[in-house]
Enquirer: 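After the structure tokens below, expect a handful of questions from me.
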Amino acid sequence: MEQTIYLTRLWIGFGANEAGAEFGSGNIPGELGTDYIWPSTSTIQTLRDAGMNLFRIPFAMERLVPGTLTSSMDATYLASLKSVRIYIR
């Protein structure tokens, strides 16, 4: 009789919600540092050092794609979002 053994690796996630870039919905597109912020790398690093391994990065679609959903993406806003994601990665 054959016996199959399945080995699984348990992954446990502990995370944080890095809010800021979705703030200021009353002022679109708004001004960085006044109406909205991006999470700082020092804050992210502090959370990583504390054992966090999942990060949610909320953003405002109205800032990423101003006008309509078929508009071009705002290059500066997209670059900032990518920069935060790359640092977390």
Enquirer: Sub-3.5 Å donor-acceptor pair from the side chain of Y77 to the main-chain atoms of F59, do we have one?
Expert: no
Enquirer: Mind checking whether I86 and L54 sit in one hydrophobic cluster, side chains of I, L, V, M, F, W, Y counted as touching below 4.5 Å?
Expert: no
Enquirer: Is the side chain of S71 donor-acceptor paired with the backbone N or O of V65 at a distance under 3.5 Å, no angle test?
Expert: no
Enquirer: Would you check if there is a donor-acceptor pair between the side chains of S83 and S80 at a distance under 3.5 Å?
Expert: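 No, because no side-chain N or O of S80 sits under 3.5 Å from a partner of the opposite role on S83.
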Enquirer: Hey, what do you get for CG (L64) to CG (D74), rounding to the nearest 0.5 Å?
Expert: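 These two atoms lie 7.5 Å from each other.
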Enquirer: Can you name the closest pair of heavy atoms from R48 and Y87 and give their distance?
Expert: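 The pair with the smallest heavy-atom distance is NH1-O, 3.2 Å.
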Enquirer: Look at the side-chain heavy atoms of Ile, Leu, Val, Met, Phe, Trp and Tyr, link any pair under 4.5 Å apart, and say whether L81 and I37 land in one connected group.
Expert: no
Enquirer: Mind checking the CZ-CG spacing from R85 to L78? Nearest 0.5 Å is all I need.
Expert: 10.0 Å
Enquirer: Which value, rounded to the nearest 0.5 Å, describes the distance between N53 atom CG and L47 atom CG?
Expert: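 Atom-to-atom, N53:CG and L47:CG are 11.5 Å apart.
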Enquirer: Find out whether V84 and F55 are in side-chain contact, i.e. whether some heavy atom of one side chain is under 4.5 Å from a heavy atom of the other.
Expert: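 No, their side chains stay 4.5 Å or more apart.
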Enquirer: In Å and rounded to the nearest 0.5 Å, what is the OG1 to CH2 distance from T43 to W38?
Expert: 14.5 Å
Enquirer: Would you list the pairs meeting side chain to side chain donor-acceptor pair (under 3.5 Å) in which at least one residue belongs to residues 13-35, sequence neighbours left out?
Expert: N17-R56, N27-D35
Enquirer: Specify the closest pair of heavy atoms between P58 and A21, including all atoms of both residues, with the distance to one decimal.
Expert: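 The pair with the smallest heavy-atom distance is O-CB, 3.5 Å.
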Enquirer: Is atom CG of L69 surrounded by more than 12 heavy atoms (other residues, nucleotides or ligands) closer than 6.0 Å?
Expert: no
Enquirer: Among residues at least two apart in sequence or on other chains, which ones pass side-chain contact (heavy atoms from CB on, under 4.5 Å) with I12?
Expert: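 Expected list: L10, F14.
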Enquirer: Looking at OG1 of T41 and CD1 of I88, how far apart are the two atoms once the value is rounded to the nearest 0.5 Å?
Expert: 10.5 Å
